[in-house]
Structure formats: structure tokens, C-alpha cells
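Report on the following structure.
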Amino acid sequence: MLFFSFFKTLVDHEVTIELKNDLSIRGTLKSVDQFLNIKLDDIQVVDEVKYPHLSAVKNVFIRGSVVRYVHLPANAVDTALLEDATRREAAAQANKAK
Amino acid sequence: MSFFGFDNTLPRDRASHAPHPKQAPGFSQQRDAFAGLSQNETKEADGYDFEDTYDGLGDELDEGDDELNDETFGGSSSAAAPGKDFDFFGSTAKVANAINEEQLLYARGPKKSQPSQQVPPQQRQAKPALSYAAATKPKVVPKHQIPTEIPELKPEMSLWQNTSPEATPTTAMSAHAAVHFRHVESQEQRPQQTAAPAPTAAPGAPVQRKYKSLEEVEAEILAKKQAKLAAASQQPQQLPQPVQQIQPTQPIQLNQQDGWQGRPVQPFPQHPQMVPPHLQQIELPFPPRSIPPQQNQRPPPNDRAPEHLQRGPMPQPTGQLPFPPMQPGQPFQGNNVLFPMGMIGPGPVPGPGPHGPQFMGVPPLGQPQMIHMSDEEKTKFLEDESKRLKRNHKIAQLSRYNGLMTPSDKNFITRIQLQQLVSVNEDSFNEDFYYQVYMAIRARNNPQQPLNQFAQTYLGQQGARGGRARRQDNHLLRMQQQVQRAVAAAKARPKASQLVLEGTLGKISFSNVKTPKPLLSIKKQDSTGAAADPNQKTVHSTFAGIDRRSILAAAEDIYRSLLDLDSHERKQPGQNLAGNQPDVATVEWLETRDSLIVKLWRSMRIMEPINEESDAPHPFIAILSVKKAKEAIPRVFRYIDIEQRITILTLITISLEKVDVIKDGRYSPGECSLPAETKRKIEGFSQYVLPPLLSYVSEAQLDVITGLLGILISRINVLLLSQTQIGLAFLTMFTSRAEIIKQAGLADEEQVQNWTHTYDRLFAILEDHLLDIFPPQRAQVDDMYVWQFLASMAVGANMQQQQKMVGAVRGPVNDNVQASKTLPQEMGQQKLANTNLFLLALGLDIKELLKSN
């Protein structure tokens, strides 16, 4: 749930989603769910010349399993908090494993 | 509707049945429906008025094709008694016995009933040829003769039992449905036949053997008709007399006169349960509530009765509506009487009029009742009617989709919704830590954020804290608590994450909202883990090796304790403002908190003994070398008390030489810059470790400062220390704090003297090496910390010491002044400001220096 929790805080920020088919889409993150499916608004394909068919698309829903990377806006990430959250997640996992 | 002629009539319907169309195919005539008539005619026959009670439906019957009845339904002459296979009501009636008795007792009160000896003959008589005429009679007779005692009523029920399917063949279709159908039918056929109903039904058809013919029965009854008073009987004796007229209201009124209001219900105690669902639906348009005023006088033994009454007789009195002949084989043709009527007297035959096919229409004017109504009554009646119809229409519309979802469907949806709500439940800080805390921080930092987000965070936190009493009225919170309970219950159930079906090779893994179905299942290799673990354990326990791994693990230990404390802090029970005594929860919470702090303190390993001989640093100092440990210090300081803070400060102070930022912080000869790694460490140290220390020092007493500086001077190579940024920072920290205390007059004379002594020692060590504290000339670093140190020294220095200082640092001051002229404006000003810091401490100003230059 860490990533879900994390991406929830990025809602309404501009992110760039890099898909496994090398397509990069920049847009405003509108919502994300526990499968890390992503809804983007006002999208723009990074290499628009290469993918002209997407130039008319305004918003997309991306299935979480096809995402390779999400480029984050650095100023929207609380690193220390993220570290703590990671620690908690790890602790929870360790507890579960026991 | 019973196509095969089975008796599916409800018992209550039976008594009041519309005249049986004897000519209807399938209704054999083995029984003499009127065999019992003569027996009781003196009493009940008076009540029969076929003219008044017959609806004329018999006229519509088709007489043809009766020859084949025997072939179709078995010979009527056969000795085989009718089977009881379908005698459903009989068994029900048995059960109903008790209820009947109860009701009787209640309704009848002290009245005496007809002795039971009168009934047995009836029974005997009814057995060979039981018709509903016979069947209905006994049930009414005791009533009429005022039976009160339960035993006397039993024969009544036995008669019901004995009623064979043939007795009431006309009820093949439920009364209301029949009404409806019939109405439609008659509407269709009405145009064809406009003549007044004629007694076209062949009365002889049902009577074939020793039984009275229909004509005979009619004759009997008609003969007595004149003599009868309407009050004589409420007997629902319905004979298929074609010429019968219906008197819908009269019998009921008679009932009233006899004080019989309560009685009619008795035979049908289970009425509501027995109404088939479709019947109930059909009856919806006529809710009992809106009984027209005209009929209020009547006791409504059954809720629906008045409704039907007002409609039933409609066609007959007006004589406008001829009944079209019924087609043979229409199983509902005989169902002219609504079953509720049976309870109240001669069943009024429902006319086709008010029952629109959809029960939506406004009843047409010209109904018999309405004719007799005054205008106001009519208006009122119509209003009521239309209101009711409107309401029923609405109900019907709304209920159209009733029952689309099964309970399990609903459960399923509810479960999904509950799972979605889990993120706001009590352990949201575990499941959704980042989001919750991030939003909380944002809410704190930015009150102008959108309200909904704030509310979300706020409520989330409230929910997480288990609800405080004063917020109980918050319904959202209440809902959350409900959800919490539901979720807790769901969690209590052990849940398998996967299912292995027997005999299959694969397994089915489940997923839920929190743990989406794992696509990869990676297992840690136990071998490596086992190898690493003992190693780590030993390191933990003894801290022998100061390898990076164990240091990192130790730092994680600190964080683990910190996180535990943090989450415990969030569980803090609400302040108990009522009394000074903390409640149990608070006490418990404080105890847990203390134990957690102890754990945290231990995890920092500060109290481990200092090994003087060893080159290895103290464990705490070693741990402090990693950045994350430095970052933890401010958070640790929030929880530890003053003593522990002093301990930390002391430990760091006496170990300064071994602290990495001091050890590596000196400029090696010929080097103009520190390694990048060291620079980062210095930055981290001054960013995370120094501020909490400083904040403590800035509140410390002078003797503490004096003591610390004394230890430092005696144990540490101050010269080396002074050549590092952090070392100087420590010295600055102590001297400046001491100076503030001194000038504020917060310390007594002895303390000041002690301090002055210590200061002198420090100055003596440094006075000849003041130039060495500067970073290399060419090093492009901010030398502010040097000037800060010099300034703090200068403030505390006496005149002599000040002169020495000025003499020592004149070079750098001049250098800075010169450099500031060549450097860009901004950097120049910076350099001058730094230098001025020192000069101001001496009571000078750089402006004079600039002027003199």
C-alpha cells in the first residue's frame, strides 16, 4: 500500500509516466488506485512527433501493469516521510512474515 | 387459476363463492350442491335472495360441449371418491382450527352457540354430496345461532375438511384475478351482446341423479323469498341462479343488526397469509384505508370487503351491462365473487366497471353507490379514489424493480464498500502512512488548502484516534466507527490468501483491495538470510566491529524505536480536563511511552562504556557518522529528557576528536578543499545535530557550560579542534552562551569566575594559533563560522586578550576588506559582514576600517 499511499499525495501534480512500450506521457495525475492504475488529464506525449496519433488525446487511463516509471515532481515528495513510511512498510512486512 | 379444475380456493373464499356454473366443463355433478338446503331453509334460507345476490354471470356461460365432460374429467358416475391429493385447504384448515377457536372466543364473548348436535346431521348429509352450499351452511349456522364455545365450533372445521375439490370448483382462479380477467373479457365481449342477461344457463346440467335440479333448488328458494326478511340471514348461499340479483350491502347491515360484526372473519383467520402474492399485488390499488364514507357504516370484517362491495354490484342495479356469454372452458368464468365477500355475506359480484385493466382508471360515475351519493359524497369518493389510485400507481412504479438484487448481491456490494473504507479505519497510519501524514503536514503548513482535503485528513485522524467523546455527535465519525467495527469483525475472521483445490495442480490466489493479487511471488532465500543474521546479531549485541553494515543496522534500530514512539504518540488519549487525576488510559499510555523511550535510549547505545584505549569510537559516535543517524537526532531530542540531552552533549563533546566530521574536517596541508564526502557530513552535522545541541546549550546553566568546556580543554586537542568547522562551532556555542549568561547576570560570582578561568585556558591555547583556524586562503568556502568564533571569543575577552586577537587577525581582516573590493558586490558585502561581526564584538566598525583605507 506504500506506493498507493504515496501516489495519492501526487494527485493534481504533473507527472510523466513512462510505459513499458517506451511511450512517455506527461499529464496531471487525477487519480490512482490500489492497482496503481493511473488517470491522467491534459496529457502530452513526450515524443509527440513519433506518436502523432496521440496528439488528439486529452486524457488517459493507464493500467498499472504497463507502467515502467513514474517521473515524480521532486518538490512534492517528502523524502524523510517517505523513508519513514518505507520503514513502517518493511516492519509490517516483517511482522507478516513471522 | 386452476385449469384442471382443482380446488385451489382459499378456505375463506369458499363460503362466499359465486354461484357455481354448473354447466362449466370439468365440474362434475356428483354432489348435490343444494342437498342441505332444505334442512336449514327455515333458518338460513330466509337470507337467500338469489335475485338480489346473483350477478347474472351464469347467463354468459356457454352450454355447449358438455357431452365430453365425462371423457375429459372422468365419468361422473364412477364410484371413485374424489381424491384428496389436492385438498390443500383441508389440511390448512386443520391447523387453522386453533386460531379459529381463539378468534371465536375473542369475538363471540358470552354468546351461546347452537349446540353441536345440530351439526352432525349436516355433516352426514354433506359427506355424500358436499357442495359449497352445504359447506358454507354449517359454518354460518353456528354463528347465527350464537355459538360461543370452542368445542361446538369444531364441526365447522370438520366440514371444511370434508369439502372436496368439487365443492368449490369455481374458485379455480383467485377471485381478484378472476375479476380482472373477467372484466377484460366482458369488455371485449360487451359490444356483441347488448340485451339484458337472460337465464341462458342450463340449470339442469349439474343435476343428473337423485339430487335436486337447479330448477328445484331455485324454486325452493324463490318460494321462500317473499317470506324472508333480509335480516334473517347473512348466509352466503350462492346458487347459480341466472336471475339472481345481488344485494351487496344488505347482508352486511344485517350482520350489524345481529351484532355479528366480528364473526365473518372467523373462518378465515389466516387470510393475509393465504393470499397469493399476485393477489396481493392486484389488490394494491385498493388499500383498505380509503373506504368511502358511505360504507363506513358497515363493519369491515375484512379490509378489502368494502372496496369490493362498492364495486361488485355495480352492473346489476343499473342493468346497463349485459354479460356476454362465457366461453366454455374458461376456467374463471365462475369466479364472479371476490373471496373476501365470503366472510361478510352474499358475495357481491364484481362488476367490470371500476376495475380498469390496469386498475388505474377513475371509477366511472353511475355506480350504484354513487348514484345514491350526494354530490359532496361523490366528489369525496372520487377524490379518495383518484388519490388512492395515484398512490398505488406510484407504489407500483417504485416497486417495479423490487427484488432485483438478492441479499447476497447486496452483501457483496457492502463488502466492497467496506473494503474501500478500510483506508480511513483505525490503522490507516499503518496502511496509508505516507498519505495520512503528508496530508496532515500539509494541513498544518497550509491552512488555505482545499477544505475537502483538510476534512479528509482531519476526519482520518479523528478516526484513527478512536474518537474522542466530544466529537461523538459527528455523524461521519460515527459512521467511521461503525466501519471500524465491521472491518475489525472482518479481520477477525482468518482469511486465506490462496485456495488449493483438492486434486488440482494450481492454486487460486485471492486479492483484495489492500493486497492486489501478487503477480510475482518472490521468496527470500533462507540460506543467505541465515548466514547474515547471526553475524548481524553478534554485531548488534557487542558492537565489536564498527563495520558500516552494523552501524546502519543500529541506525535503523533507532528509527524503529522512533517510529514506535511516533505511532504511540498518535494514540495519546484525550486530555482529561475534568480532574487532575489522569485516567487509567492516560496512565497506561504514559507507561508505555516511558518504556518506549527507554528502548529508544538503549538503541542509541549512548550508555555503553567509553573504551579509552581503543581507537574505535564510541558506538554512538560511530552511529552518528551515518547521515540518517544524524537526521534522527532532532527527533530523538523531542522525546528524551534534560539529563539524557546532557549525556548526549557530553558524550559528543568528549568524543569530538573521534567524530568523523572533526577527524576528517581538517584541511590537510596543501589542500584547498575537503573531500566532497566530508563536506556533506559536515553539512549534515551542522544541519541536524548542532541545532538540537545548540537549543539545549542555549538554556544550559553557566556551570554546565564551564564544565563542558573544561572537559573539552582537558581531553581534546583544542588546536586540532579549532581547525575544523564543527570544532569551532562547538567552541562558539559554549563561549557565546557563557557570554550571554554573564551579561544577563544570570550567574553568580563564583560561576563567572570559574568560567573566566576556563576561558583563559582556552584563550591561552589558541592565542598563538588564531591564524590557523582560518580555512586555507584559496579555499572557496564561507569563513563565517571563523568570524563567529572570533566574535564570541572577543566578547568574552578582556582588553589584553582583545588586543592580542586584533593583532593576530589583522591580516585576515585586511585581506577580507581588500577582497571585498575585488569580489562581486554580493560576495564582497558578505565578506565584510562576516568580518564586521568580529569587529563589532571588539567595539569597532568595519566602516572605520574602510575609511582609514
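With rounding to the nearest 0.5 Å, the separation of OH in Tyr435(B) from NZ in Lys8(A) is 5.5 Å.
Counting heavy-atom pairs under 4.5 Å between each of Asp564(B), Leu563(B), Leu562(B) and chain A puts Leu563(B) at the top. When each of Leu2(A), Asp33(A), Leu82(A) is checked for heavy-atom pairs under 4.5 Å with chain B, Leu82(A) comes out on top.
At most 12 non-hydrogen atoms from other residues, nucleotides or ligands lie less than 6.0 angstrom from CD of Glu683(B). More than 12 heavy atoms of other residues, nucleotides or ligands shown are found within 6.0 angstrom of NZ on Lys628(B). Heavy-atom neighbours of Phe3(A) CZ from other residues, nucleotides or ligands within 6.0 Å: at or below the threshold of 12. Heavy-atom neighbours of Arg63(A) CZ from other residues, nucleotides or ligands within 6.0 Å: at or below the threshold of 12.
Without hydrogens or angle criteria, Tyr438(B) side chain to Ala76(A) main chain gives a donor-acceptor distance under 3.5 Å.
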Practice task
Test Asp84(A) against Arg635(B) for side chain to side chain contact (heavy atoms under 4.5 Å, CB included), laying out the working first.
Solution key: CA-CA 12 Å; Asp84(A) 273 9; Arg635(B) 297 171 63 176; 2.7 Å; yes

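Residues Tyr434(B) and Asp78(A) form a side-chain contact, since some pair of their non-hydrogen atoms from C-beta on lies under 4.5 Å apart.
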